[in-house]
Amino acid sequence: MEPTRHYPLFGGAFSASLPPGALDVSDLRPVPDNQEVFCHRVTDQSLVVELLELQAHVQGEEAARYHFEDVGGVQGARAMQVDSVQPLPLENLALRSFCQEAWVLSGKQQVAKENQQVAKDVTVHQALLRLPRYQTDLLLTFNDPPPDNRLSLSPENLSLPPWSLGDFEQLVTSLTLHDPNIFGPP
């Protein structure tokens, strides 16, 4: 099995550990400059790293909820439900010296994939890392839709298990800043 790898993000300004089988979506279609998007080779799971403008009007747990609802709105979610919001201990983060506060949110969003009518309940895990020094909210999202029963049980599919919450936690905690110039002049 392919090992977890430290992968350059945003032109090498950041890096993070990605789980096995992560495909860079920018190799398949255009991705906005403020995002890095990865999809699982077999499942419909995806991981998104976004650099967003700091939303200073919301603080703490409400900031995590704000971004969850914002993403749901952008994706055209028909329904959204927050299951939990917890503070993320800064000492667990490679970005701890830049991060003022961090939150983890888990919830569900009812969304339809592009060109499909039927909406599915997608489990969404998000980590919000707040970097006020750089006027940035760093949002990491793990979209975990229900398994597709039509997936073939071929040997290559069985050898690459679906990503877990542990894989997402590894992405979040390993995210490292190498070049602060990505945020513009100080």
In residues 55-64, what donor-acceptor pairs under 3.5 Å come from side-chain atoms, sequence neighbours left out?
residue : atom : partner : partner atom : Å
Q55     : OE1  : Y66     : OH           : 3.4
Q55     : NE2  : E53     : O            : 3.1
Q59     : NE2  : A56     : O            : 2.9
E61     : OE2  : R65     : NE           : 3.3
E61     : OE2  : R65     : NH2          : 3.1

Quiz item: Could you state the interatomic distance from CD1 (I182) to CZ (F10), rounded to the nearest 0.5 Å?
Solution: 6.0 Å
Quiz item: Please walk me through it: do Y134 and L177 pass side chain to side chain contact (heavy atoms under 4.5 Å, CB included)?
Solution: CA-CA 12 Å; Y134 301 114; L177 176 63; 4.2 Å; yes
Quiz item: How about S46 and V25: do any of their side-chain heavy atoms sit closer than 4.5 Å?
Solution: no
Quiz prompt | Any side-chain heavy-atom pair of T123 and P146 under 4.5 Å | solution = no
Quiz item: Counting only heavy atoms not in D27, do more than 12 sit closer than 6.0 Å to its CG atom?
Solution: yes
Quiz item: What heavy-atom pair brings E91 and R96 nearest, and what distance separates the two atoms?
Solution: O-NH1, 3.4 Å
Quiz item: Taking all atoms of both residues into account, what is the closest heavy-atom pair of A22 and R41, and its distance?
Solution: O-NH2, 4.4 Å
Quiz item: Where the side chain of T176 meets the backbone of S174, is there a donor-acceptor pair that is under 3.5 Å apart?
Solution: yes
Quiz item: Quick one: are Q45 and P145 in side-chain contact, heavy atoms under 4.5 Å?
Solution: yes
Practice problem: Evaluate the ring planes of F183 and F14, with Trp represented by its six-membered ring, and classify them as parallel (under 30°), tilted (30 to 60°) or perpendicular (over 60°). | Solution: perpendicular
Quiz item: Checking side-chain contact (heavy atoms from CB on, under 4.5 Å) against L129, which of D137, L90, L88 comes through?
Solution: L88
Practice problem: Evaluate the side-chain proximity of T141 to V124: yes if any heavy-atom separation is below 4.5 Å, no if none is. | Solution: yes
Self-check item: Closest approach of G12 to P8 (non-hydrogen atoms, all atoms of both residues)
Solution: CA-CB, 4.1 Å
Quiz item: Roughly how far, to the nearest 0.5 Å, is the CD atom of Q35 from the OG atom of S26?
Solution: 11.0 Å
Quiz item: Do S15 and H178 meet the criterion of a side-chain donor-acceptor pair at a distance under 3.5 Å?
Solution: yes
Quiz item: Quick one: does N34's side chain have a donor or acceptor within less than 3.5 Å of a partner on L51's backbone?
Solution: yes
Exercise. Would you indicate whether the side-chain heavy atoms of V31 and D24 approach each other to under 4.5 Å?
Key: no
Quiz item: Between L175 and A16, what is the shortest heavy-atom contact and its length?
Solution: CD1-CB, 3.8 Å
Practice problem: Answer whether the closest heavy-atom distance between the side chains of L140 and V48 falls below 4.5 Å. | Solution: no
Quiz item: Does P162 offer a backbone N or O that forms a donor-acceptor pair with the side chain of T43 under 3.5 Å?
Solution: no
Quiz item: Are Y7 and L171 close enough that some pair of their side-chain heavy atoms sits under 4.5 Å apart?
Solution: no
Quiz prompt | Parallel, tilted or perpendicular: ring planes of F142 versus W163, cut at 30 and 60 degrees | solution = tilted
Quiz item: Below 4.5 Å, heavy atoms only, C-beta onward: do L138 and V49 meet side chain to side chain?
Solution: yes
Quiz item: Do you know the tightest heavy-atom contact between A102 and L93?
Solution: CB-CD1, 3.9 Å
Donor-acceptor pairs under 3.5 Å, side chain of residues 103-111 to any protein atom, not counting sequence neighbours: which ones?
residue : atom : partner : partner atom : Å
W103    : NE1  : E101    : OE1          : 2.7
S106    : OG   : H125    : ND1          : 2.8
Q109    : NE2  : F68     : O            : 3.0

Self-check item: Residue among V71, T136, L139 satisfying side-chain contact (heavy atoms from CB on, under 4.5 Å) with L52
Solution: L139
Practice problem: Measure the CG-OG distance between D144 and S164 for me, rounded to the nearest 0.5 Å. | Solution: 9.5 Å
Exercise. Please lay out, stage by stage, how D83 and Q81 fare under the test side chain to side chain donor-acceptor pair (under 3.5 Å).
Key: CA-CA 6 Å; D83 295 329; Q81 168 190 324; 2.4 Å; yes
Quiz item: If every non-hydrogen atom of H40 is compared with every non-hydrogen atom of V42, which pair is closest and at what distance?
Solution: ND1-N, 2.9 Å
Quiz item: Between L95 and L54, is there a shared hydrophobic cluster once you connect ILVMFWY residues whose side-chain heavy atoms come closer than 4.5 Å?
Solution: no
